[in-house]
Amino acid sequence: MTGDILTLNCGSSSVKFAVFDAGAPDAPAQITGKIAGIGRAPTFQARDANGQLHTPDPLNALTPTHTHEDLIPRLLEWLVQQRGAHPLRMVGHRVVHGGKTYTEPTRITPNVMANLDALCPLAPLHQPHNLAAIRAVAAWQPDIPQIACFDTAFHQTQDRIQTLFALPRALGDEGIVRYGFHGLSYAYIASILPQHLGTRAEGRVIVAHLGNGDSMCAMQSRKSKATTMGFTALDGLVMGRRSGTLDPGVILYLMQSKGMSAADVETLLYRKSGLLGVSGISNNMHDLELSHAPEAQEAIDLFVSRAARTLAGLIPAIGGLDAVVFTAGIGENSAPVRAAICSQLNWLGLHLDPDANARGDVKISAPNSAVDVLVLPTDEEAVIANACRAQLAI
Ligand code: ADP
């Protein structure tokens, strides 16, 4: 199969893109890049396969008024120009929520779009942008086949008991259950675990995806057995702007005693909480690490404490622990956060090699550690590209 596959991963203020050769499954992306800061101060970055950075703004004068819908067609035109003779065969999208229905990469049709639209309230920060990207591609070239790859899909292997809330049964039956997210990232890490852990890859592994959104997944035999995000991507760890786990009574109090509307609470929990809310300084871990403000340190301490408690709480679902993997922006880059989380887990026989951790080696556990600790960069785009290749081969 000749030609290109384009992957698009749209967040609330960003579009990540990658172009892959459809016929070369193991080849790195030919172009990767990101438009960030949409709606505020948009920036454009792109690299070719040799790592060279393209000029700052090939889309010409990005402004704060540009929306995802304006930018995607311009991005597509630019990418097609860059790739010259390579025809675009398929576009694969990261779609956050597939609900109960979509557990495999799925070809986009009007019916699929209607079903995915209905899931927007469950992922208000992401799903509308994911779907806007699909519509923008369809408007640009209606004949290009598109598929959706779901963050929820990897967690289909959880036992039912891990998916239930302690709510009346009828609510679970109608779909108010724990789905779990970051599935494309976990699928990628699961795919490369054997290279790094050998037969231990089939054992009991907890992967910590620590980025702007944060979650953990407990795997056995490289399949999801439990995860920290639930019905929405709001549950679990402290995130950049999201609260993570919260006593539901707080929400009742905010609405009943402080007169907040549902929309106010949504904004508070999705956009004003997490590292940003606690520090009052930034949602960005690196900024907080550089700050000397006590509020910044407190936000980091809360992030770390919740991460360690949560990791330990996942262990019963897999009956022990052979390895921990750190991935995503914070997991891959912050040696202090990794060290702080692991230091609260020494009682598990988990010990870091401080030098290996500071260097960001792949294996950062000490030789005497009962639990292997790894740092592995994730690659959600590679998972989407492989799903496209599989569809093209049908
Ligand atoms: P997204 O979820 O948007 O893909 P990333 O996985 O890129 O986000 O993670 C972004 C987070 O990673 C930010 O909090 C950022 O500060 C953090 N990060 C990136 N590099 C570093 C670093 N060198 N030290 C500490 N934190 C970092």
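Computed from a predicted structure; not experimentally measured. Start at 1 and go down the list; that is how both ligands and their atoms are numbered. Counting from 1, the numbers follow the sequence of the chain as shown.
- Distance alone, capped at 3.5 Å, places no donor-acceptor pair between the S224 side chain and the T157 backbone.
- Per-residue contacts place S334 under 4.0 angstrom from the following atoms of ligand 1 (heavy atoms of the residue considered): 25 (C).
- Put simply, CG on L269 and CG on L125 are 11.5 Å apart, with the number rounded to the nearest 0.5 Å.
- Nearest to atom 6 (O) of ligand 1 by heavy atom, out of G329, S13, G274, is G329.
- L122 contributes atom CG, which lies 9.0 Å from atom SG of C120 (distance to the nearest 0.5 angstrom).
- Under a 4.0 angstrom heavy-atom cut-off, K16 registers as being in contact with ligand 1.
- On a distance-only criterion, H286 and ligand 1 share at least one N/O pair closer than 3.5 Å.
- Using modelled atom types, one finds no donor on one side chain facing an acceptor on the other under 3.5 Å when comparing D264 with T267.
- The nearest protein atom to atom 16 (O) of ligand 1, hydrogens excluded, is given as N284 OD1, 2.5 Å; this is a heavy-atom distance.
- Closest heavy-atom approach to atom 25 (C) of ligand 1 within the set R338, E289, K34: this belongs to E289.
- With atom 23 (N) of ligand 1 as the reference point, the heavy atom nearest to it among N333, T378, L275, N212 is part of N333.
- Protein heavy atom in closest approach to atom 14 (O) of ligand 1: M285 N, 3.0 Å.
- Heavy atoms of G240 stay at 4.0 angstrom or farther from ligand 1.
- T32 and E381 form no side-chain donor-acceptor contact under 3.5 Å, judged by distance and modelled atom types alone.
- Of the inter-residue distances, the one linking L131 atom CG with H97 atom NE2 reads 12.0 Å to the nearest 0.5 angstrom.
- Which parts of ligand 1 touch G213 is read off a 4.0 Å heavy-atom cut-off, strictly below it: atoms 2 (O).
- With distances taken over non-hydrogen atoms, the option nearest atom 11 (C) of ligand 1 out of L288, D287, V337, I330 is I330.
- For the pair Q127 (side chain) and L116 (backbone), a donor-acceptor distance under 3.5 Å is present.
- Residue K272 qualifies as open at atom NZ: its count of foreign heavy atoms under 6.0 Å is 12 or below.
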